[in-house]
Amino acid sequence: MDGNRSPTPEVLHVDDEELPARDLKGRIGLGVAIVAFAVALLVLWQVFRPLARGSQYYLIIFLAGTLPLVFLAYRSRHTRRRSDRPTVVDWVLAVATLIVCLYPVNPFGGGYDGFLDRQGLLEPADIAFGAVLLVLVVEACRRTTGWALPVVCLAFLAYGYYGGLLPQNWPIAHSGLDFSQIVDALYNSGSGFYGTPLDVAATYIVLFTIYGAVLDLSGASRFFVDLSVAAFRKSRSAAGRTAVAAGFLLGTVSGSGTATAVSVGAVTWPMLRRAGYPADQAGGMLAAAGVGAILSPPTLGAAAFIVAEYLDVSYLTVLGWATVPTLLYYLGILLAVEIDVRRFRVRSLETPPVSTLRLLARFGYHFSSLLLIVLLLALGQSATRAVVYATLLALVLSFLDRSTWLTPRRVFAALSAGVRGVLPVVAVCAAAGIITATTTKTGLGTQLASLLVRGARAVTDNPTAVLALTVILAAIALAILGLAVPVTASFIIGWVIIGPALLALGVPKPAAAMFVFYYSVLSEVTPPTALAAVGASAITGGRTIPTMWQALKYALPAFLAPIAFVLTPSGSYLLARGPFADIVWATAAAMLGVAGLAVATGGWVLGVGRAGVGSRVLAALSGLLLLYLEPLTIGAGIVLLAASAVWAAFDRRSATLADGPPSSTRDEPGRDSTRTEETGLK
């Protein structure tokens, strides 16, 4: 490899869905790796030679191979033992999980066909095994994500069981489910443990996780960071731009916000520190850039695959919907970076003279597998086959660099790591089956959606105002929900409860689904549980809560952009749905709106100078009007944005006349005369 290249990014085992895992070594680590490798082979086999007994049969085998590993790979939070070796209890739980997961396919009692025939009329043994699996799924979820999601699952179970005791005039009351009905819905139907969430995890997510592990071992992560450094090395904003660009490029293969933030931070934090970024500010930037990984094609977060399944569209279609919003998200971050360069004493850096063209010529082949995924999807191949072919291409291309050859040992490590990386998602998706099954059986989703709409109509009868108020309430509910549960679970709960409310008001399905998806993702930068900010602060040494607020500042424009999806029919243009000319003008208007919001949150007008209170208020109003995407509001928004810039210029001129002739170095980054302003959010 080129001696001028930066150190290899340290890609840690940190995911948006999980708590830190054990570092298993020795025979136990090897045993877990072998089982994970066997599961990977099963997953690959299923792509080309699906099991003859059907999808649910495959999901039973998959869950039996992955869920027991959770109890070996993740600690019980009740123990004070510091050893990474599984305890006796962990082994007992792992064995019990294997038994109850394989019970539906045991050869006794009629086998798998007999088990399915007993649907709705389970025998006592079926109920007992199903009850044990229920407890184990909740415990696995607790180990990987903490207490929040298990508590939500238990609340849904309590509602299903005790709902019949509620006053029957309550909208959410129902006839009640007995315990056998609950177990039947979870254990012996397609809406429980073996529902769409687990199906997506076992078919799509695990394959993309394996692909990401192979691509990382082939040297792609290091190349993406090096390319970002080389592209911006002559810019005053080089350090910030490099962090954001590296976050985007790594996000194209990661799909994990926290892991991307930590990986990019491990490489770029020294650069940011030398440039003069405070630790909290840098951590917020890294967290916001990392969360964009969940929005970055072609490897979106796990919830994106569930969007495709719920709406019965191809994954390529979802990628198309995500393209413009992703550009808007990163535009907001880059504008914030440029503003911070002028607000803080950020210095330009001396970086190794690595040519961008030289890097692309030597290592640009790392983009090939990413492009292959999109090409194969466009040619009609399934997402599963496309990612398998891309993985094989990445494996072959690894031999172009002697230091990254994927030897059989490293292929084994990549496949094992891919399956281990999906364990927390498996636990979350299985637990999400509790929520979806209960909602389906009781009709809770429809009732809550009706309550949400009725609450908005109690305030106003105007259809536009009802939609706007419902959208605001839905956004608040999703933001609060995201504080407690991971992104995947947040989307599933939000879709079954809030989705029907938006659909009832005439919002198109794609717009409603992407609205729920984006607010579920943005919970990763919402205090006080912003996991990406926690990971970034651990790298920079900054304070956790201030880092969260800084991350929120960087991502704030993105919180308003999804509202544009659903408020007007033109919002669909931001999802690349409609004529090309309409998509272009809607995107341009939204970009101006993001710019206005960036001025409001950053307190600076690029090319003009510091923005005072009045200028920031005008910029905020312009951003809101521009995102409404109607001709009248767009025109008004443009006028207000121009007025904001004029106001800032007038304030600057007044300050200059009061202070005397301007210095040639005034407002120039990195000079002693540069004023250090307070950040807009702390």
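What you are looking at is a predicted structure, and each value in this text was computed from that prediction instead of being measured. All residue numbers refer to positions in the sequence shown, counting from 1.
- Using a 4.5 Å cut-off on side-chain heavy atoms (C-beta onward), Leu59 and Thr203 make no contact.
- When all heavy atoms of Leu166 and Ala173 are compared, the pair lying nearest together is CB-CB, 4.1 Å.
- Thr439 and Thr436 share no side-chain donor-acceptor pair at under 3.5 Å.
- A donor atom on one side chain and an acceptor atom on the other are not found under 3.5 Å apart for Tyr112 and Gln56.
- For Ala36 against Ser416, the heavy-atom pair with the smallest separation is CB-O, 3.7 Å.
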Stepwise side-chain contact (heavy atoms from CB on, under 4.5 Å) test for Tyr310 and Ile492: CA-CA 10 Å; Tyr310 279 171; Ile492 293 170; 3.8 Å; yes

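- The CZ atom of Phe305 sits 9.0 Å away from the CG atom of Leu207 when rounded to the nearest 0.5 Å.
- The shortest heavy-atom contact between Ile434 and Cys153 is CG2-O, 3.9 Å.
- With Asp90 as reference, Arg143 is the one residue of Arg75, Arg143, Arg85 to meet the salt bridge (Lys or Arg N to Asp or Glu O under 4.0 Å) rule.
- The shortest heavy-atom contact between Cys429 and Ala201 is SG-CB, 4.0 Å.
- The closest side-chain heavy-atom distance from Arg454 to Leu451 is below 4.5 Å.
- Put simply, the side chain of Tyr329 gets close to the backbone of Ala288: a donor and an acceptor are under 3.5 Å apart.
- None of Leu67, Thr66, Leu136 except one satisfies the side-chain contact (heavy atoms from CB on, under 4.5 Å) rule with Cys101; the exception is Leu67.
- Screening Val35, Val206, Leu42, Val32 against Val419 for a side-chain contact (heavy atoms from CB on, under 4.5 Å) leaves a single residue, Val206.
- Donor-acceptor pairing under 3.5 Å is lacking for the side chains of Thr196 and Asp199.
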Step-by-step side-chain contact (heavy atoms from CB on, under 4.5 Å) determination, Leu102 to Leu98: CA-CA 6 Å; Leu102 291 178; Leu98 179 64; 3.8 Å; yes

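- Using a 4.5 Å cut-off on side-chain heavy atoms (C-beta onward), Ile498 and Tyr519 make no contact.
- Scanning both residues, Val183 and Gly130, for their nearest heavy atoms gives CG1-CA, 3.8 Å.
- Side-chain contact between Tyr315 and Val307: absent, with no pair of heavy atoms (C-beta onward) separated by less than 4.5 Å.
- The aromatic ring centroids of Phe115 and Tyr187 lie less than 6.0 Å from each other.
- Between Ile182 and Asp178 there is no side-chain heavy-atom pair separated by less than 4.5 Å.
- Under a cut-off of 6.0 angstrom, the local environment of CG in Asp113 is crowded, with over 12 non-hydrogen atoms contributed by other residues, nucleotides or ligands.
- Inter-residue side-chain proximity for Ser314 and Thr317 is flagged as met; some heavy-atom pair is nearer than 4.5 Å.
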Trace of the side-chain contact (heavy atoms from CB on, under 4.5 Å) decision for Glu139 with Val70: CA-CA 10 Å; Glu139 169 60 11; Val70 172; over 6 Å; no

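- Proximity of the aromatic rings of Phe129 and Tyr103 is defined here by a centroid distance below 6.0 angstrom, and this criterion is met.
- Remark: Asp184 does not engage Arg118 in a salt bridge, criterion side-chain N to carboxylate O under 4.0 Å.
- For the pair Leu122/Ser180, no side-chain contact is recorded, criterion being any heavy-atom separation below 4.5 Å from C-beta on.
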Chi angles and distances behind the side-chain contact (heavy atoms from CB on, under 4.5 Å) call for Trp91, Leu72: CA-CA 7 Å; Trp91 284 107; Leu72 302 180; 3.8 Å; yes

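- Residues Ala213 and Gly418 come closest through the heavy atom pair CB-N, 4.3 Å.
- Applying the ring-ring contact (aromatic ring centres under 6.0 Å, His included) test to Phe71 and every residue at least two apart in sequence or in another chain returns nothing.
- At a threshold of 4.5 Å between non-hydrogen side-chain atoms, the residues Tyr518 and Phe491 do not count as touching.
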